[in-house]
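Please read all numbers here as calculations on a predicted model, not as lab measurements.
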Amino acid sequence: MRMAHEFAAASAAAQHCRELTTRGPRPEERAVLLAAWRRDLARLLAEELSALLSGDRLEVSVSEPEALAGHAVLARIGPVAANSLLRCGPSAETALIAFDFATAIALTERSFGGDGKVVTSVPDQLPRSAALLVDEIAATIARTITRASLRDGALPAGTAPIGEVIVRSESAVRLKPFEPEAEALLFTLVIANRQGCEWRAQLAIAAERMERLLPAPGRTHSARGGGVRRAPASAMAAPLAAIPLPLHVVLAEIDLSLVRLQTLGPGDLLPLALGRQVPL
């Protein structure tokens, strides 16, 4: 007796999209995930930003988010700031990071070895050196958000976290980070060093994008050292290397009396003693 049979499917098997078959986190689970994300982001930023600020030992905190309408977030940031639209996270979400001009200038001063104190008197336009530094800090924050959004493991060796600055503008409205009436989450980043300086930035993310940035099973990361380690800032590396600086070379200095100056005429020679070293 032949027992083998060939069976044919009566119809195609159902294919359900992941959004219909997976359950999102419950409110209490989401709160735990968000707290973990904030904690990891703060720890990673403290490591990554220290290289840009003269090797400072930093402490970073990320506040609990305020849920606001998009237009309210933009009003909170203000009409003029150093704003960057970021691309970050495993699914390439967008986020907005904003520094006021006073903070941007103070961070730049600290990166060159100054005290980094925030002052109230600031120019109408951000100096090029400050714009370059804010650009580098924003890119670092974008990559760090990606690392904080991953979980259960480490990035492959030699793999850099996804994260970049898409576009920057002094007007956050022009960047259109979210719809004016859509819900957005506003975080305050506080960066502090051991000398008592504090620098603040505002991170704004659309609420529906934040859901995709929270760590979930299957994403890989290591908040304890995953990703590419950043080398200390160097004057020969970007963004510092591109800053134009005036250079004055003093060959010699002599003292002359007013009487001698009055008697100088065409063809007169002044003896100069030139040393082997030239002061700058």
Side-chain angles (χ1 to χ4, degrees), residues 38 41-66 68 72-86 88 94-145 148 163-175 177 184-205 230 233 238-240 242-243:
R38 290 169 43 228
L41 179 60
R43 179 170 60 247
L44 292 167
L45 282 175
E47 297 174 3
E48 296 294 333
L49 293 178
S50 64
L52 296 176
L53 300 179
S54 296
D56 271 348
R57 295 186 63 183
L58 301 176
E59 293 182 0
V60 178
S61 65
V62 180
S63 72
E64 291 189 9
E66 292 183 71
L68 302 168
V73 171
L74 297 176
R76 186 78 64 86
I77 291 173
V80 179
N83 305 297
S84 300
L85 188 65
L86 312 179
C88 52
T94 55
L96 177 69
I97 186 73
F99 293 86
D100 61 49
F101 278 10
T103 299
I105 292 173
L107 286 168
T108 305
E109 182 190 10
R110 181 58 196 152
S111 73
F112 281 100
D115 58 21
K117 299 291 185 182
V118 178
V119 297
T120 55
S121 177
V122 296
D124 295 332
Q125 186 174 5
L126 202 61
R128 178 170 172 77
S129 57
L132 288 170
L133 182 70
V134 168
D135 222 24
E136 184 69 12
I137 291 176
T140 300
I141 291 173
R143 292 189 295 267
T144 308
I145 289 174
E164 61 179 344
V165 175
I166 304 173
V167 65
R168 64 201 61 82
S169 174
E170 293 182 358
S171 170
V173 175
R174 291 182 181 176
L175 298 179
L185 302 180
L186 182 64
F187 301 85
T188 299
L189 275 58
V190 180
I191 306 164
N193 66 6
R194 298 295 178 88
Q195 287 72 45
C197 288
E198 278 193 3
W199 306 283
R200 293 174 181 264
Q202 293 175 303
L203 174 66
I205 305 172
R230 180 179 297 277
L240 303 182
I243 299 174

Asks: Hey, are the side chains of Ile191 and Leu45 touching, using non-hydrogen atoms and a 4.5 Å cut-off?
Replies: no
Asks: Stepwise, does the side-chain contact (heavy atoms from CB on, under 4.5 Å) test hold for Ser61 with Val190?
Replies: CA-CA 5 Å; Ser61 65; Val190 180; 3.4 Å; yes
Asks: Taking all heavy atoms of Ala148 and all of Leu44, pick out the closest pair and write down the distance.
Replies: N-CD1, 3.9 Å
Asks: Using side-chain heavy atoms (C-beta onward) and a distance below 4.5 Å, is Val165 in contact with Leu86?
Replies: yes
Asks: Which pair of heavy atoms, one from Phe101 and one from Ala81, lies closest together, and at what distance?
Replies: CE1-C, 3.6 Å
Asks: Which residues satisfy the side chain to side chain donor-acceptor pair (under 3.5 Å) test with Arg110, sequence neighbours excluded?
Replies: Asp56
Asks: Within this structure, what is the CD1-SG distance for the pair Ile97 and Cys88, rounded to the nearest 0.5 Å?
Replies: 10.0 Å
Asks: Please tell me if the side chains of Leu85 and Pro177 come closer than 4.5 Å, counting only heavy atoms from C-beta onward.
Replies: yes
Asks: For the CG atom of Leu132 and the OG atom of Ser111, what is their distance to the nearest 0.5 Å?
Replies: 10.0 Å
Asks: Less than 4.5 Å apart, any side-chain heavy atom of Ile77 and any of Leu96?
Replies: yes
Asks: Let me confirm one number: the CG-CD distance from Asp124 to Glu170, rounded to the nearest 0.5 Å.
Replies: 9.5 Å
Asks: For the residue pair Glu164 and Ala142, what are the closest heavy atoms and their distance?
Replies: N-CB, 3.6 Å
Asks: Does the side chain of Arg200 reach to within under 4.5 Å of the side chain of Thr188, using non-hydrogen atoms?
Replies: yes
Asks: For residues Leu126 and Ile105, determine if any side-chain heavy atom of one lies less than 4.5 Å from a side-chain heavy atom of the other.
Replies: yes
Asks: Within a strict 4.5 Å, meaning less than it, do heavy atoms of the Ile145 and Leu203 side chains meet?
Replies: yes
Asks: For Gly116, is there any backbone N or O sitting under 3.5 Å from a side-chain donor or acceptor partner on Trp199?
Replies: yes
Asks: Within this structure, what is the CG-CG distance for the pair Leu41 and Leu189, rounded to the nearest 0.5 Å?
Replies: 6.0 Å
Asks: Kindly indicate whether the side chain of Lys117, heavy atoms from C-beta on, has any atom under 4.5 Å from the side chain of Cys197.
Replies: yes
Asks: List the steps, then state whether side-chain contact (heavy atoms from CB on, under 4.5 Å) holds for Thr140 with Leu49.
Replies: CA-CA 7 Å; Thr140 300; Leu49 293 178; 3.9 Å; yes
Asks: Provide the closest heavy-atom pair for Ser169 versus Arg174 in the form atom of the first, atom of the second, distance.
Replies: OG-CD, 3.9 Å
Asks: Show, in sequence, the C-alpha distance, side-chain angles and deciding distance for Asn193 and Leu53, and conclude whether the side-chain contact (heavy atoms from CB on, under 4.5 Å) test is met.
Replies: CA-CA 9 Å; Asn193 66 6; Leu53 300 179; over 6 Å; no
Asks: Which heavy-atom pair separates Gly113 from Ser54 by the least distance, and what is that distance?
Replies: N-OG, 3.5 Å
Asks: Could you tell me the separation between the CZ atom of Arg128 and the CG atom of Asp135, rounded to the nearest 0.5 Å?
Replies: 10.0 Å
Asks: How many angstroms lie between atom CG of Leu58 and atom CZ of Arg43, to the nearest 0.5 angstrom?
Replies: 15.0 Å
Asks: Looking at every heavy atom in both Ala201 and Phe99, which two are closest together, and how far apart are they?
Replies: CB-CE2, 3.4 Å
Asks: Among residues two or more places apart or on two chains, list those pairs meeting side-chain hydrogen bond (donor to acceptor under 3.5 Å, both in side chains) that have a residue in residues 72-86.
Replies: Glu66-Arg76
Asks: For Gln195, look at atom CD and say whether over 12 heavy atoms of other residues, nucleotides or ligands are found less than 6.0 Å away.
Replies: yes
